[in-house]
There are 2 protein chains.
Amino acid sequence: MSRPRRIPHATVARLPEYLRILVELAHSQHDTVSSGRLADLGGFNAAKVRKDLSYLGSYGTRGVGYDVLGLLDEVREALGLTAARGVVVVGAGNLGRALANYSGFEERGFPVLALVDADVDKVGTRVGQLEVRHADELPALVIELGLRIGVIAVPSATAQDAADRLVSAGLKALLNFAPSHVSAPPKVAMRRVDLARELQVLSFYEHQLGTSAPGEPAR
Amino acid sequence: MSRPRRIPHATVARLPEYLRILVELAHSQHDTVSSGRLADLGGFNAAKVRKDLSYLGSYGTRGVGYDVLGLLDEVREALGLTAARGVVVVGAGNLGRALANYSGFEERGFPVLALVDADVDKVGTRVGQLEVRHADELPALVIELGLRIGVIAVPSATAQDAADRLVSAGLKALLNFAPSHVSAPPKVAMRRVDLARELQVLSFYEHQLGTSAPGEPAR
DNA sequence: GACTGTGAAGTAGTTCACAGCT
DNA sequence: AGCTGTGAACTACTTCACAGTC
């Protein structure tokens with residue numbers, strides 16, 4: 001009930017899932033929810049849910065459950081989602097254009113406000129609402145549009161360069177879609193999504209038919 | 001050096017990364033590689049690399065390192081990547097079309113051979129090389145094209161339905177891009193990628209400026 | 001001397017089980 | 001009675017440290 005400081009990474013990785021579930025519960029007019037119900041909806045275990053929420057200094061009520069709206073605020077607050085966070089996509093190839101168009105980002109509070117590329121032939125072309133800008137404009141765009149998160153959607157060979165540009169333009173959070181390891185200063189938060197990797201992991205478990213794949217990643 | 005049975009999930013999740021690095025090393029004519037070098041290239045620690053590879057019954061040579069081509073085969077074999085694995089994408093919306101077009105899948109051995117949708121208005125339209133087929137044709141397509149993996153790219157509300165269709169069409173490996181929890185029989189390998197979730201996790205670490213985000217997920 | 005393979009120690013994450021509130 | 005919050009036990013993963021091989 002007090003508010004302990006350090007939230008373990010495994011818990012942080014589940015917060016977006018709690019958020020999603022709580023948004024749905026709020027829509028369907030539920031005002032309280034128990035850890036058991038949250039566990040069912042998210043595919044977790046009830047004890048884990050309670051422990052996770054306890055790190056937020058959650059306000060559950062014994063005998064009753066958690067207040068949906070209150071908890072929703074707590075989770076949003078913990079994730080730092082109190083204001084929309086503008087995203088810039090670097091790389092206007094296939095993947096970059098798709099990401100810039102993907103409505104799921106805007107819906108969840110991450111509007112894609114800019115799309116840049118280093119290739120002058122691509123600069124000026126339109127992708128949905130956006131016009132492709134030159135990568136050199138990054139520092140100006142970051143300031144002008146208040147960008148917070150950079151998405152790297154360039155080929156592996158230039159991913160490190162894209163990351164460096166984003167960091168020197170002042171961004172502190174990067175999501176890398178290129179299938180290669182990119183390094184950044186320790187103050188910069190960095191995650192990677194490798195779509196083909198997911199298929200390879202699936203391939204492993206399908207291959208080993210019978211061995212069921214564990215649920216979802218943590219860390 | 002013997003070949004112990006159960007590969008821990010955290011190790012499985014890193015195998016694709018080793019694979020990628022080994023492919024690059026092979027291209028650049030390296031014939032051996034040490035655990036330390038692999039660790040550098042992947043952003044790991046050398047002891048972890050050695051332990052991971054030991055689960056494959058790896059053939060490292062003390063004093064020398066690992067044979068690049070031999071290890072490449074071992075990893076490919078462990079991942080079950082000895083033959084190409086056909087993929088079907090369910091959902092021809094924004095995301096589904098982008099995934100069907102994404103060249104990274106084919107490049108890594110997962111050709112997208114079919115794209116289906118339940119909406120008759122979308123059936124017959126073209127996306128890259130593919131013509132959108134009706135979701136009812138799934139069981140036939142699975143047999144005809146030898147599909148192995150299903151990718152779910154429909155809205156949350158219909159994700160469970162899409163999963164059920166894929167499972168009853170005989171697929172044993174599903175990748176879910178919808179931001180909701182989907183259940184499947186235990187024999188079916190199932191993973192989820194939630195793009196907005198990654199941004200939310202980044203938001204957390206950016207918010208808590210100074211707390212550096214740990215590297216990459218395992219499990 | 002360089003580098004692997006692996007027990008053992010250390011750390012993180014999960015689950016149990018129950019005391020404590022409503 | 002129902003459900004939270006949390007120490008304690010357990011399980012998984014990582015890292016150390018060193019014996020063993022080339």
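Note on naming: letters A, B, ... go to the chains in the order of the sequence lines (proteins, then strands), and numbering restarts at 1 for each one.
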Discussion item. Checking contacts here: which listed nucleotide (D:dC22, C:dT14, D:dT14) is nearest the side-chain heavy atoms of B:Thr61?
Written reply: D:dC22
Practice prompt. Apply the salt bridge (Lys or Arg N to Asp or Glu O under 4.0 Å) test between A:Glu206 and each candidate in B:Lys187, B:Lys172, B:Arg85; give the one that qualifies.
Written response: B:Arg85
Discussion item. For C:dT22, does the base pair up with any side-chain atom of A:Arg62 as donor and acceptor (N or O, under 3.5 Å, distance only)?
Written reply: no
Practice prompt. Ignoring the backbone of A:Ser34, work out which of C:dC18, C:dT14, D:dC3 is nearest its side chain.
Written response: D:dC3
Item to complete: Calculate the interatomic distance between B:Leu56 atom CG and C:dT4 atom P; express it in whole Å.
Response: 14 Å
Fill in: Below 4.0 Å: OP1/OP2 of C:dT4 and any side-chain N or O of B:Ser35
yes
Worksheet item: Whole Å only: how far is the CZ atom of B:Arg6 from the C1' atom of D:dA12?
Response: 12 Å
Worksheet item: Atom CZ of A:Phe44 to atom P of C:dG13: distance rounded to whole Å?
Response: 15 Å
Discussion item. Aromatic contact between A:Tyr18 and A:Tyr66, with the criterion being ring centroids under 6.0 Å apart: yes or no?
Written reply: no
Fill in: Separation of atom CG in B:Asn45 from atom P in C:dT11, rounded to whole Å
14 Å
Practice prompt. State whether B:Asp161 and B:Arg165 are salt-bridged, where the test is any N-O pair (Lys NZ or Arg NE/NH1/NH2 against Asp/Glu carboxylate O) under 4.0 Å.
Written response: yes
Worksheet entry | Side-chain (B:Ser34) to main-chain (B:Arg37) donor-acceptor, under 3.5 angstrom | yes
Worksheet entry | Between C1' of D:dA12 and OH of B:Tyr55, the distance in whole Å | 10 Å
Discussion item. If I take atom CG in residue B:Leu53 and atom P in nucleotide D:dC13, what distance separates them, rounded to the nearest angstrom?
Written reply: 16 Å
Worksheet item: Below 4.0 angstrom from OP1 or OP2 of C:dG5, is there any side-chain N or O of B:Tyr66?
Response: yes
Discussion item. Between P on C:dG7 and CZ on B:Arg50, what's the gap in Å once rounded to a whole number?
Written reply: 14 Å
Worksheet entry | Candidate nucleotides C:dC16, D:dT15, C:dG13, ranked by approach to the side chain of B:Ala47 - the nearest | D:dT15
Discussion item. Rounded to whole Å, please give me the gap between NZ in A:Lys48 and C1' in D:dC3.
Written reply: 20 Å
Fill in: Residue whose closest nucleotide on DNA chain C lies nearer the 5' end, B:Lys51 versus B:Val33
B:Val33
Worksheet entry | B:Arg14 vs D:dT14: side-chain N/O to OP1/OP2 distance below 4.0 Å | yes
Worksheet item: For the rings on B:Tyr205 and A:His9, is their centre-to-centre separation under 6.0 Å?
Response: yes
Discussion item. Taking the nucleotide of DNA chain C with the nearest heavy atom to each, does A:Thr11 or A:Gly63 sit closer to the 5' end?
Written reply: A:Thr11
